[in-house]
Chemist: 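Quick one: the structure is below, and I'll ask about it shortly.
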Amino acid sequence: MSTIDPQKQRRILGILVVSAVLIWIDSTVLGIALERLADPVDGLGATPGQLQWAVGIYSLLFATALFLAGALGDRYGHRTVLMIGLLVFGGASAWAAWATDPVGLILARATMGLGGALIMPTSMAIIGWTFPPERRAGAIAIWSSSAGVGVAVGPVLGGLLIDHFWWGSVFTINLPIVAFGLIGAALVLPNPRSPQRRRLDPLGLGLSTLGLLGLSYGLIEGGHQGGWDRWQVWASIGAGLVLLAGFLFSEWREHEPSFDPRLFRNRRFSAGNFALSAVFLTLTGQSFYLAFYLQGARGMTALHAGLMSLPGATGVIVGAPLGARLAARLGVAKVSGTAILVLSACFAANLLYDVNTSLIIIGIVGGLAGLAIGMTVAPTTAAVMATLPMDRIGAGSAVNNALRQVGSVLGVAVLGTVVSSTYQHRIAPALTGLPNRDAIGTSAEATRHAAVVLHRPDLVQTANDTFVHAMHVAAAVAAGFVLTGAIVLALAFRTARPSQSAGAEPAEREAAPIS
């Protein structure tokens, strides 16, 4: 039972929410700048592949470094590691803001992912050490609702800045938040650590990072010019899968692994993490293609596109605490399972979008999707955390967060590649006879730019219609992923009592033998 008084618990949670908001802002703010970054005149002239890397490399480093962050927090104290993460994040944000080419931006984003990885699991661990079991689910729900704040603040502020300043200004949002977080962490947060110091895991870090890099590279490159028949694509995917298998094997053999595969013997832990990964996979992938839909195909300004994120953000803020309360009464299977089904239907609704679809309809669908996400993430995360013994809460929460980020990496790689490859295949016949047709057909942005240069306004409509078709294909794939997650979650939690779903002691006792 925690000995920290409730008032101090609230202050601690407030600082942790600020730190989480920082991560969520950066997870969304780049999307508002993608259209500008692709512009060869006002941006960096980034290709679709480079943009996928700029988005995905953040989640990739975030995912793999989480294992290291959990072990460092248990060893040296979670507040110490969180503050280091804030410093790294702030420095990398300044680097990204003034990057001069796509490669520099990608490297800065990778460093930001490393900083975020040091923040996320340490925050979850501090919550676990600060709040007693009966209050922990509510604290996690509030902490999870920070996602909605970040999703709301990031695109709107980013759109306002990019409409008035250069594209890199979107990263300057992070700097004052980092400063506030550092001061608050130093003054308020405790510095818990595990009584048993676990070893660091450089082999696991290397295998997981290289494995995800190889897999992501193959998926992203397969969707570009040259297609899937190149040996480099399949060699990269194969090497990535082999390295990831080697990572799991090495962790299985360890007595105290950073990523413990034995945790997956618990079906609720496995199903909950699978469902969360599916949600984050589709959410990140959808954010990628919707940015180009709103600003590219529909010609909206960055600010107006950012405002379109507000319904979804509001839904997340409302859905997180609502989902936690309902799950305590009805169980995770009914609440989160139903919410994920609604999310799948929202993705399916994207199939009805065209360049003239009412923004009111898009906002309503976005709001329902946000509500479903909030009602999924909060209770499912609480249920997964309930399977973790206290002495493994740092490393276990790192596993939970890592799998979400792996989903984000694959979301950009898979859905971004679906959009890219579908567009290139569909647009090719319309470009017959044009000079440099391969480059013109790389993306909708490249086709529109060529239409201006070649004085072919008809190509603009062709590019828009072709992109919308590609987006429909990606939306159908996303709906299928989420529907699978809903089925898996409902089957695993169908017999769980509400007390177990909410993170009470029975679930903790059940999970104890697998640690």
Side-chain angles (χ1 to χ4, degrees), residues 48-50 52-68 106 110 113-114 117 201-224 226-254 257-265 269-285 288 395 398-422 474 477-478 480-482 484-485 488:
Q50 290 170 330
Q52 283 178 265
W53 277 115
V55 175
I57 197 69
Y58 173 85
S59 297
L60 192 152
L61 266 293
F62 200 126
T64 54
L66 282 170
F67 311 134
L68 176 66
I106 291 169
L114 176 62
D201 188 11
L203 176 62
L205 178 64
L207 288 173
S208 58
T209 302
L210 292 175
L212 282 173
L213 274 172
L215 181 60
S216 299
Y217 177 85
L219 291 171
I220 291 173
E221 289 302 310
H224 292 166
W228 294 92
D229 56 350
R230 290 176 293 162
W231 69 267
Q232 298 95 328
V233 170
W234 293 106
S236 178
I237 293 174
L241 292 174
V242 169
L243 288 170
L244 290 174
F247 165 69
L248 293 175
F249 179 74
S250 68
E251 296 298 293
W252 187 278
R253 289 168 56 89
E254 290 293 334
S258 298
F259 182 96
D260 192 350
R262 289 176 287 270
L263 290 173
F264 292 96
R265 291 174 177 171
F269 183 89
S270 300
N273 277 298
F274 177 84
L276 290 171
S277 297
V279 168
F280 279 82
L281 184 154
T282 52
L283 175 62
T284 308
F288 187 82
V399 171
N400 172 246
N401 285 291
L403 291 174
R404 295 191 200 184
Q405 296 303 319
V406 168
S408 297
V409 173
L410 296 179
V412 176
V414 174
L415 296 186
T417 295
V418 168
V419 171
S420 181
S421 58
T422 303
V477 174
F481 273 122
V482 174
T484 303
V488 170

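All residue numbers refer to positions in the sequence shown, counting from 1. Everything quoted here is computed from the prediction, not taken from an experiment.
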Chemist: Which pair of heavy atoms, one from S236 and one from G214, lies closest together, and at what distance?
Modeler: OG-O, 2.5 Å
Chemist: Between G211 and L243, which heavy-atom pair has the shortest distance, and what is it?
Modeler: CA-CB, 3.7 Å
Chemist: Is the backbone of V419 close enough, under 3.5 Å, to the side chain of T422 for a donor and an acceptor to pair up by distance?
Modeler: no
Chemist: Can you tell me how far the CZ atom of F481 sits from the CG atom of L281, to the nearest 0.5 Å?
Modeler: 5.5 Å
Chemist: Locate the shortest heavy-atom distance separating L61 from A117; write the atom from each residue and the value.
Modeler: O-CB, 4.2 Å
Chemist: Might you point out which heavy atoms bring L241 and L215 nearest each other, and give the distance in Å?
Modeler: CD2-CD1, 4.2 Å
Chemist: So which heavy atom on G485 is nearest to which on A275, and how close?
Modeler: O-CB, 3.9 Å
Chemist: Taking S421 for the side chain and T417 for the main chain, is one N or O donor matched with an acceptor at less than 3.5 Å?
Modeler: yes
Chemist: Give, for atom CG of L415 and atom CG of L283, the distance between the pair rounded to the nearest 0.5 Å.
Modeler: 10.5 Å
